[in-house]
Protein chains: 2
Amino acid sequence: MREFCLPSGLDASALQELDRVVTTRTRFKKGATIYRAGDPFSALFAIRVGSCKTAVLAEDGREQVAGYHMLGDLVGLDGIANERHECQAVALEDTEVCVIPFGQLEDLARQVSPLQHNLHQFLSREIGRDQNVMLLLGSMRAEERLASFLLNLTRRLQARGFSASEFVLRMTREEIGSYLGLKLETISRTFSRFHDDGILEVNQRQIRVLDPEALQNLLSSPC
Amino acid sequence: MREFCLPSGLDASALQELDRVVTTRTRFKKGATIYRAGDPFSALFAIRVGSCKTAVLAEDGREQVAGYHMLGDLVGLDGIANERHECQAVALEDTEVCVIPFGQLEDLARQVSPLQHNLHQFLSREIGRDQNVMLLLGSMRAEERLASFLLNLTRRLQARGFSASEFVLRMTREEIGSYLGLKLETISRTFSRFHDDGILEVNQRQIRVLDPEALQNLLSSPC
DNA sequence: CGAGGTGTTGAGATTTGTCAACCTACGTGG
DNA sequence: CCACGTAGGTTGACAAATCTCAACACCTCG
């Protein structure tokens, strides 16, 4: 777990100092809110167990899922800018997070150069991820979006030592739809089509990827 | 200009040190590439004059405009994560940037706490901006997207001391369409509709906002 | 065991995309 | 300095994708 997280590449004494900063862990039940939009920002949260979604709210109240975060991910990064959270984070299952007080993290990052760089990489990686979601939302059709989502998921699960071919979705069709800019019916239909095409085995949220290459082909072909 | 940029809130000696790091300025002609996807990352670019777009490329070559940056904006932030640029940046008009070598910036940020915090805020603000684009792409219809884009533009121009009601678009209809996840014809039609509704005066890229409230209403009403 | 949340599927409506024709403005070169 | 070529912009008609509404099935949790 550590190699994914902020401590990666730190020496023993730096690790010890980081442990002094990260003293609290918090548990959230499935469905519990980790933070709300507008909450004062004071800390980042590193996911130790479980997963969560982040969502931005439109002026008219519509919710747009903006991220799906799992083990080792850092959430709350968008709160730094204005000292308050711009989106909300909700646990998708029973979840445990490390609370990382941001002021103290900045202090420590000034002393520990690798930690500083890790933090910058996390922030930058989040920007890159968001840009890929923009690409998805701005230029892909429904099948491509879902294929891209599933492939991204399998890669991240694999990187964490889980099976890439069999997993349980933690989001409802509606949440996946929101994330992908589609309606839940479209998600459901697209799952069914992938099933009919022999690409997936779909049983509710239990997914088995039978033909990952077919998913990949949906993305790389010009249409 | 300085108050928008990294130096905001720095004392005289820190400013001097920053000036020692930021020694090069580069000019780009309209249409010139500032960096390409895949280029090794070594520096951030702060826009001093002009504007640029950033764009991510899909596996099949499609281009998705992911950002529209102007005076005071920092571009290249997505390159930190993997030491190479994940997107490309192209000047939309004759543009001048400060080149900020990132390694040196990190060094200085460890010594100058306000600079460190400014950098974090820039990174975080970019994340927030991207999330708002996701909201736009994922849940708004064409009119709402263009209204949101125009309002965002007017706010940013105003913050920089330019007129909020009259400005020149630096992007083609096609680029705006890519940014908003729509085709150029849809952008053109939506401009025409806003024109017919008395919300805008549109002459090619010359825009005059006649009724900003109407634009705002397009966003805040539930449908 | 029942209820409510979640998921599937169908039919028809709506939005946006596609293709095509045409117009306009701008810059380049004569 | 003007003319022309070309990139960019507008508009129309039609096609395609996705959404909407509705009915129903399923599954999980108390």
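Proteins get letters first, then strands, A, B, ... in listed order; numbering begins at 1 in each.
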Participant: Mind checking what makes salt bridge (Lys or Arg N to Asp or Glu O under 4.0 Å) contact with B:Glu86, not counting sequence neighbours?
Facilitator: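 Here no residue qualifies.
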
Participant: Taking only residues two or more places apart in sequence or in another chain, which ones pass salt bridge (Lys or Arg N to Asp or Glu O under 4.0 Å) with B:Arg155?
Facilitator: none

Participant: Using whole Å, what does the distance between atom P of nucleotide C:dT15 and atom NZ of A:Lys183 come to?
Facilitator: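 Between P of C:dT15 and NZ of A:Lys183: 13 Å.
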
Participant: Checking the side chain of A:Glu144 only, and the main-chain atoms of A:Arg141 only, is there a donor and an acceptor separated by less than 3.5 Å?
Facilitator: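 Yes; judged by distance alone, with no hydrogens or angles, the pair exists.
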
Participant: For nucleotides 4-7 of chain D, tabulate all protein N/O to nucleotide N/O atom pairs closer than 3.5 Å, reporting atom names and distance.
Facilitator:
none

Participant: Just by distance, no angles: are the side chains of B:Thr190 and B:Glu143 close enough, under 3.5 Å, to form a donor-acceptor pair?
Facilitator: no

Participant: Hey, which sits more toward the 5' end of DNA chain C by its nearest nucleotide, B:Leu182 or B:Lys30?
Facilitator: B:Leu182

Participant: Please determine if A:Arg129 and B:Asp130 form a salt bridge, counting it only when a charged side-chain N lies under 4.0 Å from a carboxylate O.
Facilitator: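 Between B:Asp130 and A:Arg129 there is no salt bridge, as every charged N stays at least 4.0 Å from the carboxylate O atoms.
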
Participant: Give every residue pair that meets the salt bridge (charged side-chain N to carboxylate O under 4.0 Å, His left out) criterion with at least one member in residues 23-41 of chain A, sequence neighbours excluded.
Facilitator: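 Residue pairs with at least one partner in residues 23-41 of chain A: A:Arg27-A:Glu96, A:Lys29-A:Asp94.
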
Participant: Can you pull every protein N or O that's under 3.5 Å from an N or O on nucleotides 6-9 of chain C?
Facilitator:
residue : atom : partner  : partner atom : Å
C:dG7   : OP1  : A:Arg205 : NE           : 3.0
C:dG7   : OP2  : A:Arg173 : N            : 2.9
C:dT8   : OP1  : A:Arg173 : NH2          : 3.4
C:dT8   : OP2  : A:Arg173 : NE           : 2.8
C:dT8   : OP2  : A:Arg173 : NH2          : 3.4
C:dT8   : OP2  : A:Ser188 : OG           : 2.8
C:dT8   : O5'  : A:Ser188 : OG           : 3.2
C:dT9   : OP2  : A:Ser192 : OG           : 2.5

Participant: Between B:Phe41 and B:Tyr35, does a ring-ring contact (aromatic ring centres under 6.0 Å, His included) hold up when you go through it step by step?
Facilitator: CA-CA 9 Å; B:Phe41 167 82; B:Tyr35 56 80; 8.5 Å; no

Participant: Using a heavy-atom cut-off of under 4.0 Å over every strand shown, decide if A:Gly181 touches base, sugar-phosphate, or nothing.
Facilitator: sugar-phosphate

Participant: side-chain hydrogen bond (donor to acceptor under 3.5 Å, both in side chains): which pairs involve residues 178-189 of chain A, sequence neighbours left out?
Facilitator: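 Passing the test, one end in residues 178-189 of chain A: no pairs.
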
Participant: Which whole-number value in Å describes the distance from A:Gln206 CD to D:dC27 C1'?
Facilitator: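 Rounded to the whole Å, the gap is 14 Å.
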
